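One structure is given below, encoded as structure tokens.
Please read these numbers as outputs of a predicted model, since none were measured by experiment.
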Amino acid sequence: MFLTAHTGFQGTSLTHRNGSTFAMLLAFFAAFCLTLQATAAKAKPQLALTSSEQSDVLPLANPDFPHPDEPGQLFFLQRNMNANTVVYSARFDDAGSLIDKSPVSVFWRRYADEGQTMALRWYERVFGFGVRLKSHASATSRTLAFNALKSQKLELRQIAPFKAALFTEQDGREYQLIYGYLDVDESGLLPKVTRLRLYTTDPQTGLYVTHTIAVSGGAFNE
């Protein structure tokens, strides 16, 4: 979803309202912006996959943060600063097929407040967490890209009526995305993302795979 495994790459960033920046999504993947605001980057962050670890159970990046369980949920993004979460969910028509022109809904689940949902602000959608449809691969498949990482393609695939999944390719292997987690360092003048973890499943083995991505550079202005 977001990056090529075992290689570094240039990524654009997603930003958070208090100056934090999301340097990726996804790989689709930095889309994560969590209390994120669109900002202008002084430098593009460098991202490099440092490890991919398999496990029998889904790891919890932060056991104190709830995981959303929304209708049609495809992926969600969290960060260490608070429990507010960005959720990506599939949109279906009355027959259970993906909606053609806007198959994905993106919104906040504000766990740090009262757990309410909230629409993305326009700059979060346009410069950060929003997704755009690139092409129709087939009647049941769409190629997507996050607005913050346009060069990285994701595949939205319908697997049953009213059910879909989001896939990315890393190091020649396909993985299904589950969630992402950003580590943000606030010790300096400008907060910055230092690490992204992508939690996925390997369709070939059924195992969970955690991809850890180091992030360096990329100071941001609010």
task: Mind checking ring pair (Phe, Tyr, Trp, His ring centres under 6.0 Å) for Tyr181 and listing every partner two or more places apart, or none if nothing turns up?
output: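 Once residues adjacent in sequence are excluded, Tyr181 has no partner under the ring pair (Phe, Tyr, Trp, His ring centres under 6.0 Å) criterion.
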Any donor-acceptor pair under 3.5 Å from [X] side chain to [Y] backbone:
| X | Y | value |
| --- | --- | --- |
| Asp113 | Gly115 | no |
| Tyr179 | Ala61 | yes |
| Asn82 | Ala112 | no |
| Thr201 | Pro203 | no |

task: Could you walk me through whether Arg173 and Asp202 pass the salt bridge (charged side-chain N to carboxylate O under 4.0 Å, His left out) test, one step at a time?
output: CA-CA 8 Å; Arg173 295 284 297 276; Asp202 184 341; 2.2 Å; yes
From [X] [atom1] over to [Y] [atom2], what is the distance, rounded to the nearest 0.5 angstrom?
| X | Y | atom1 | atom2 | result |
| --- | --- | --- | --- | --- |
| Arg197 | Glu53 | CZ | CD | 10.5 Å |
| Met81 | Asp185 | CE | CG | 10.0 Å |
| Tyr199 | Ile178 | OH | CD1 | 10.5 Å |
| Leu207 | Leu58 | CG | CG | 12.0 Å |
| Arg110 | Gln116 | CZ | CD | 7.0 Å |
| Ser89 | Leu166 | OG | CG | 11.5 Å |

field: Ring-face cation of Arg125 near Trp122 (centre distance under 6.0 Å, axis angle within 45°)
entry: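 Arg125 over Trp122 ring: no.
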message: Please evaluate residues Thr143 and His136 with respect to the criterion side-chain contact (heavy atoms from CB on, under 4.5 Å), reporting the C-alpha separation (whole Å), side-chain torsions for both, the decisive distance (0.1 Å), and the verdict.
response: CA-CA 6 Å; Thr143 301; His136 277 67; over 6 Å; no
Nearest heavy-atom neighbours spanning [X] and [Y]:
| X | Y | result |
| --- | --- | --- |
| Leu144 | Lys134 | C-CG, 3.8 Å |
| Ser52 | Val209 | CB-CG1, 4.1 Å |
| Leu198 | Gly180 | CD2-CA, 4.2 Å |
| Pro68 | Tyr111 | CA-OH, 3.1 Å |

message: Parallel, tilted or perpendicular: which one describes the rings of Tyr88 and Phe75, with boundaries at 30° and 60°?
response: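 Taking Phe75 first and then Tyr88, their aromatic rings sit tilted (interplane angle of 30° to 60°).
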field: Asn80: which of Leu182, Asp183, Asn62 passes side-chain contact (heavy atoms from CB on, under 4.5 Å)
entry: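 Going through Leu182, Asp183, Asn62 one by one, the side-chain contact (heavy atoms from CB on, under 4.5 Å) with Asn80 is satisfied by Asp183 alone.
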task: Scan residues 62-73 for pairs that pass salt bridge (charged side-chain N to carboxylate O under 4.0 Å, His left out), counting only residues two or more places apart or in two chains.
output: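 Every salt bridge (charged side-chain N to carboxylate O under 4.0 Å, His left out) pair that includes a residue of residues 62-73, provided the two are not neighbours, is Glu70-Arg109.
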Side-chain donor-acceptor contact under 3.5 Å, [X] with [Y]:
| X | Y | result |
| --- | --- | --- |
| Glu155 | Ser141 | yes |
| Thr85 | Gln78 | yes |
| Trp108 | Glu124 | yes |

query: Can we call the ring centroids of Tyr175 and His211 under 6.0 Å apart?
result: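 Yes, they do, as the ring centres are separated by less than 6.0 Å.
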query: Can you find a heavy atom in the side chain of Thr50 that is under 4.5 Å from one in the side chain of Ile213?
result: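 No; the side chains remain at least 4.5 Å from each other.
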- prompt: Taking the side chain as C-beta and beyond, is there a heavy-atom pair between Tyr208 and Gln54 under 4.5 Å?
  reply: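 Contact flag for Tyr208/Gln54 side chains = no.
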With a 3.5 Å cut-off and sequence neighbours excluded, list the donor-acceptor pairs that the side chains of residues 96-107 form with protein atoms.
from, atom 1, to, atom 2, distance (Å)
Asp100, OD1, Arg142, NH2, 3.2
Ser102, OG, Arg91, NH1, 2.5

